[in-house]
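Remember, predicted model here, so these are calculated numbers, not experimental data.
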Amino acid sequence: MRKPKEINSILKTLTDKGYDAWCAGQCVAAVEMGQDALDWDIYTDADTEEVRKLFPEGEAIGTRVTRLDNTTEVISDDINIPNTFDGVVSDIVTLKGSIEDQLAIYDFTCEAVGEHSYKAPCDPFGGRGDMKKKLLKPTGNIAEAFAKNPMKMMKALKYVGLYGFDLDRDIYEAMNNRADILKKAPKEELLYDFTEAINGNSAGKMLKMIKGMNLLPAFIGDEGQSPDRREAREYDLLCENIDKLKHIAQRRLVVFYLVFDRHYKKAVSYLPHEEEDLELYLETKKALPKLHFASDDTNLKKFIYSVGWDKYNFIDKVAKAQIITMGYNNQRAEGRDEVLKVILRERQPIFVEDLRIDADDIVEAGITSDPEEAEMLLNLLPDVIHKQPYKNDREQLLKYAKAFKKSKIRRALRDVSWLR
């Protein structure tokens with residue numbers, strides 16, 4: 001089995017000392033499905049004291065687990081590019097009994113497979129065959145397992161969303177119409193796993209299953225649902241086409257929430273998104289109609305100025321994602337791209353930073369001696385140059401700043417177009 005270098009190093013250290021070492025759990029299933037795994041479970045017959053001597057850098061977790069965290073977070077400044085982790089986290093667990101006994105703790109057969117460095121796999125529940133069939137099967141009483149830990153229901157959905165698994169009948173029946181159980185799961189954990197799953201290769205299949213099993217209230221709340229015919233049709237289109245979108249989790253989440261149009265705010269607020277993310281999602285919903293009509297250079301520059309480049313790129317990509325998932329006409333988006341190319345090619349001013357003057361120039365010109373008022377006047381000027389970029393000239397900008405200083409009416413009407 002293909003394994004990261006950090007895991008191979010741990011296994012070699014243990015086996016060189018004569019101990020057995022097995023990989024098992026979600027990491028095995030992920031690698032078998034051709035994906036990378038961040039979290040690894042390693043089981044060994046070395047006692048805990050010996051493990052901690054061999055890996056003194058590890059963190060003691062209880063009496064049997066030693067955790068090695070070799071991850072570093074790669075943080076992106078671009079909201080369109082998700083943060084990622086390099087490296088892996090590995091839990092080295094001292095076996096209590098045989099490896100077969102340990103594998104029996106897993107709820108799904110695809111996780112109850114022990115992979116050894118040089119011995120044959122330990123597969124007491126036939127999990128390797130189930131992985132080949134992409135069939136999620138239980139190792140025991142799965143309804144009881146779900147009742148004890150509702151997050152295991154979400155784990156089952158993750159196997160669908162990430163890898164395209166089908167559900168065994170026992171698992172399906174234990175989950176069907178049991179949103180009441182899933183709603184008991186910790187919301188932070190539910191959001192984390194749902195975000196990961198909706199970014200998988202089979203997100204549409206998972207979303208279709210969630211709706212078919214009446215589990216939607218666990219993700220958007222009872223008030224977040226919008227059962228009218230149009231929104232039901234859009235949900236079906238989303239299920240059909242979401243896998244065509246790039247793997248940008250936030251973008252996919254917003255497109256998912258937008259289906260619940262009339263109750264969008266309630267749906268998007270049900271799970272505990274970070275405050276910054278929630279603000280972005282709510283702002284995107286309000287901004288999309290404005291973006292739709294920002295088809296000429298003046299209005300497009302005004303729109304970009306109002307939200308900033310990062311949010312513009314995010315909102316624009318969400319709009320294009322809707323075109324893909326809902327089958328909307330893409331003529332406006334194509335036209336907007338052409339307009340933006342001209343704006344950028346001609347370096348037309350958009351932001352305050354693009355102006356040929358700053359607040360100090362307004363003070364030096366004697367228009368005001370108050371730095372705060374100078375800053376206020378400066379921030380009114382982009383409305384002038386959005387429509388008339390040729391007026392991005394020191395003399396003209398100071399002239400407008402002076403006019404805005406003298407007249408509140410001129411300030412209020414600075415971006416009004418008069419018809420004659």
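Counting only N and O atoms by type, the side chains of Gln348 and Lys301 include a donor and acceptor under 3.5 Å apart. Side-chain N/O atoms of Asp310 and Asn313 include no donor and acceptor closer than 3.5 Å. Under 3.5 Å, the side chains of Asp277 and Gln250 contain a donor-acceptor pair of N or O atoms.
A distance of 4.5 Å separates CG of Leu280 from OG1 of Thr284, quoted to the nearest 0.5 Å. In this structure, Ser90 OG and Leu38 CG are separated by 10.0 Å, a value rounded to the nearest 0.5 Å. Here Ile324 contributes atom CD1 and Asn241 contributes atom CG; the two are 9.0 Å apart, rounded to the nearest 0.5 Å. With values rounded to the nearest 0.5 angstrom, Ile385 atom CD1 is found 10.0 Å from Arg356 atom CZ. Note that CG of Leu136 is 6.5 Å distant from CZ of Phe165, once rounded to the nearest 0.5 Å. Atom-to-atom distance recorded for Leu135:CG and Phe108:CZ is 11.5 Å, nearest 0.5 angstrom.
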Stepwise, does the side-chain contact (heavy atoms from CB on, under 4.5 Å) test hold for Phe303 with Asp316? CA-CA 11 Å; Phe303 181 85; Asp316 177 63; over 6 Å; no

List the steps and the verdict of side-chain contact (heavy atoms from CB on, under 4.5 Å) for Lys265 and Leu282. CA-CA 7 Å; Lys265 185 174 182 179; Leu282 294 174; 3.9 Å; yes

Intermediate values then yes/no, side-chain contact (heavy atoms from CB on, under 4.5 Å), Ser202 and Leu162: CA-CA 6 Å; Ser202 298; Leu162 292 176; over 6 Å; no

For side-chain contact (heavy atoms from CB on, under 4.5 Å), just list the numbers for Ser295 and Leu300, CA-CA rounded to whole Å, side-chain angles, deciding distance to a tenth of an Å, and then say yes or no. CA-CA 6 Å; Ser295 54; Leu300 184 56; over 6 Å; no

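The heavy-atom pair separating Arg178 from Ala174 by the smallest distance is CG-O, 3.5 Å. Ile105 approaches Tyr43 most closely through the heavy-atom pair CD1-OH, 4.1 Å. In terms of heavy atoms, Leu271 sits closest to Leu190 at CD2-CD2, 4.1 Å. Closest heavy-atom contact between Leu397 and Leu381: O-CD2, 3.8 Å. Here the shortest heavy-atom pairing between Pro150 and Ile181 reads CB-O, 3.2 Å.
Remark: Asp222 engages Lys183 in a salt bridge, criterion side-chain N to carboxylate O under 4.0 Å.
Among Lys266, Lys285, Arg252, His273, the single residue meeting the side-chain hydrogen bond (donor to acceptor under 3.5 Å, both in side chains) criterion with Tyr257 is His273. Each of Thr63, Thr66, Thr48 was checked for a side-chain hydrogen bond (donor to acceptor under 3.5 Å, both in side chains) with Thr94, and the lone residue meeting it is Thr48.
Heavy-atom contacts from other residues, nucleotides or ligands closer than 6.0 Å to CD of Glu223 number 12 or fewer. For Asp36, the CG atom sits in a loose shell: 12 or fewer heavy atoms of surrounding residues, nucleotides or ligands are nearer than 6.0 Å. For Arg347, the CZ atom is loosely surrounded, since the number of other residues' heavy atoms within 6.0 Å does not exceed 12. More than 12 heavy atoms of other residues, nucleotides or ligands lie within 6.0 Å of NZ in Lys211, so this atom counts as buried by the packing criterion.
Glu231 is not listed as a side-chain neighbour of Phe260, based on a closest heavy-atom distance of 4.5 Å or more.
Ring centroid separation for the pair Tyr270 and Phe219 does not come in under the 6.0 Å cut-off.
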